[in-house]
Amino acid sequence: ELYPEYLPDDVVEARRRNDCRRDYDVFVELLAEEGVRFVDGPAIFRRLKPTHGEHLFSRTGVHWSYHGCLLVWRELLAAVNAASGLDIPIPEIIAVTHDRARHADHDLGKMVNAFVPPGGRPVMTYPVVRVDPLPPEQRPGFLFVGSSFCWTLMDALYVSGSGRAVALIYYNRTHYRGPARTAPLQPGERFPRHRVCSL
């Protein structure tokens, strides 16, 4: 949906012919009709694609990139601040570095089960972040309910030093908890997760 130019023409044409309304389209309409405040990640990515090119997703990953996820997380924090009256500091991207894809940016490449995947690891941008996080006792708690895309979203939370008591209900089946960290991570670093229980 975001990079059809990387797919064979016949695949894109078949999708166009068989296109139908997706659950996403219905949910976005219903949320808007009911006045629910939400942040639309796919819409943000469509807006960012002209300026961020292929760095929103990695060619050897199946999830949004660390860079792309952090861009959405910044908008999500701004929306939380506006809706709640909180003043959670929003991480500022002051520069980017370039490095071979790592962790979630290369999870598909690892599944290839080859010492060197075809084409090698792509070079990805990793933001350099400046943030003055709230003291730990002033940070709100966050609960994520979702899929594997939430892992990178939680990484972004720890990059920005935004929360405490962070929990994930993963695929509605498993409860995970993040640590009560005080020092922010750097983009592309992973937080240590703790499996609490099955649901």
Side-chain angles (χ1 to χ4, degrees), residues 1-20 22-25 27-28 39-76 91 93 96-129 144-160 166 168-176 178 185-195 198:
E1 293 172 22
L2 192 64
Y3 298 112
E5 63 272 23
Y6 295 147
L7 296 173
D9 292 341
D10 59 328
V11 172
V12 176
E13 177 59 22
R15 170 64 188 266
R16 188 192 63 75
R17 283 196 314 269
N18 299 315
D19 202 16
C20 60
R22 301 164 298 162
D23 289 345
Y24 161 77
D25 302 314
F27 288 148
V28 167
V39 173
D40 187 343
I44 293 169
F45 269 23
R46 286 191 296 274
R47 190 184 77 232
L48 293 174
K49 182 184 174 185
T51 54
H52 288 80
E54 61 185 23
H55 294 291
L56 301 175
F57 279 89
S58 168
R59 288 174 184 258
T60 57
V62 295
H63 299 92
W64 48 9
S65 70
Y66 286 102
H67 193 167
C69 183
L70 184 63
L71 294 170
V72 172
W73 180 248
R74 288 168 37 88
E75 296 205 25
L76 184 60
I93 298 173
V96 295
T97 61
H98 298 85
D99 197 3
R100 295 281 178 196
R102 55 184 182 253
H103 305 309
D105 287 346
H106 191 60
D107 51 8
L108 183 61
K110 290 178 188 168
M111 290 174 61
V112 172
N113 196 26
F115 185 69
V116 178
R121 289 184 185 221
V123 173
M124 297 293 295
T125 62
Y126 290 94
V128 178
V129 170
F144 296 90
V145 180
S147 66
S148 53
F149 276 74
C150 286
W151 293 125
T152 315
L153 200 57
M154 290 176 79
D155 287 336
L157 179 145
Y158 284 104
V159 165
S160 59
V166 181
L168 166 64
I169 306 300
Y170 184 62
Y171 284 103
N172 297 323
R173 292 184 178 174
T174 311
H175 176 198
Y176 286 91
L185 297 173
Q186 287 301 309
E189 288 186 287
R190 293 185 293 182
F191 71 95
R193 59 193 77 155
H194 170 68
R195 183 181 178 279
S198 296

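Nothing fancy with the numbering, it's 1 onward along the sequence.
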Trainee: Return the CG to OG1 distance between Leu56 and Thr51, rounded to the nearest 0.5 Å.
Mentor: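 It comes to 8.0 Å.
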Trainee: More than 12 heavy atoms of other residues, nucleotides or ligands under 6.0 Å from OH of Tyr6: is that the case?
Mentor: yes
Trainee: If we ignore angles and hydrogens, is there a donor and acceptor under 3.5 Å between the side chains of His63 and Thr152?
Mentor: no
Trainee: Return yes when atom CG of Asp9 has more than 12 non-hydrogen atoms of other residues, nucleotides or ligands closer than 6.0 Å, and no otherwise.
Mentor: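 Open: at most 12 neighbouring heavy atoms sit under 6.0 Å from CG of Asp9.
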Trainee: Shortest non-hydrogen contact from Thr60 to Ala101?
Mentor: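 So the two residues come closest at OG1-CB, 4.1 Å.
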Trainee: Can you name the closest pair of heavy atoms from Asp107 and Val62 and give their distance?
Mentor: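 In terms of heavy atoms, the two residues are closest at OD1-N, 3.0 Å.
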Trainee: Could you report the tightest heavy-atom contact between Pro91 and Val129, atom names first, then the distance?
Mentor: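 What the structure gives for the nearest pair is CB-CG1, 3.4 Å.
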Trainee: In plain terms, say whether Asp25 and Arg22 are close enough for a salt bridge, that is, a side-chain N and a carboxylate O under 4.0 Å apart.
Mentor: yes
Trainee: Using 0.5 Å steps for rounding, measure from the CG atom of Leu2 to the CH2 atom of Trp64.
Mentor: 12.5 Å
Trainee: May I ask you to check if Arg193 and Tyr170 form a cation-pi contact, with NZ or CZ under 6.0 angstrom from the six-membered ring centre and within 45° of the axis?
Mentor: no
Trainee: Identify the heavy atoms of Asn172 and Ile169 that sit nearest to each other, and give their distance.
Mentor: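 So the minimum-distance heavy-atom pair works out to CA-CG2, 3.8 Å.
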Trainee: Hey, what do you get for NE2 (His175) to CZ (Arg195), rounding to the nearest 0.5 Å?
Mentor: 11.0 Å
Trainee: So, applying side-chain contact (heavy atoms from CB on, under 4.5 Å) with Leu76, which one of Leu157, Val39, Ile44, Leu71 is it?
Mentor: Val39
Trainee: Side chains of Cys69 and Asp155: closer than 4.5 Å at any heavy-atom pair?
Mentor: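 The answer is no, as the side chains (C-beta and beyond) never meet within the 4.5 Å cut-off.
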Trainee: Do Tyr176 and Phe144 have side-chain heavy atoms sitting under 4.5 Å apart?
Mentor: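 Contact flag for Tyr176/Phe144 side chains = no.
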Trainee: Which is it for Trp73 and Val159 under the side chain to side chain contact (heavy atoms under 4.5 Å, CB included) test, yes or no, and what are the steps along the way?
Mentor: CA-CA 10 Å; Trp73 180 248; Val159 165; over 6 Å; no
Trainee: Measuring only between side-chain heavy atoms, which start at C-beta, is Arg100 closer than 4.5 Å to His106?
Mentor: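 No, side chains not in contact.
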Trainee: If we only count heavy atoms from C-beta on, is the Leu7 to Arg15 side-chain gap below 4.5 Å?
Mentor: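 Contact flag for Leu7/Arg15 side chains = no.
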Trainee: For a side chain to side chain contact (heavy atoms under 4.5 Å, CB included) check, start with the C-alpha distance between Met124 and His67, then their side-chain angles and the critical distance, and finish with the verdict.
Mentor: CA-CA 9 Å; Met124 297 293 295; His67 193 167; over 6 Å; no
Trainee: Return the minimal non-hydrogen interatomic distance between Tyr24 and Arg46, and the atom names on each side.
Mentor: OH-NH2, 3.5 Å
Trainee: Which atom names give the shortest non-hydrogen contact between Tyr66 and His103, and what distance separates them?
Mentor: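 For Tyr66 versus His103, the nearest heavy atoms are OH-CB, 3.0 Å.
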Trainee: Aromatic ring centroids of Phe57 and Phe45 under 6.0 Å?
Mentor: yes
Trainee: Rounded to the nearest 0.5 Å, how far does CG of Asn18 lie from CD of Glu13?
Mentor: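 Here the rounded value is 9.5 Å.
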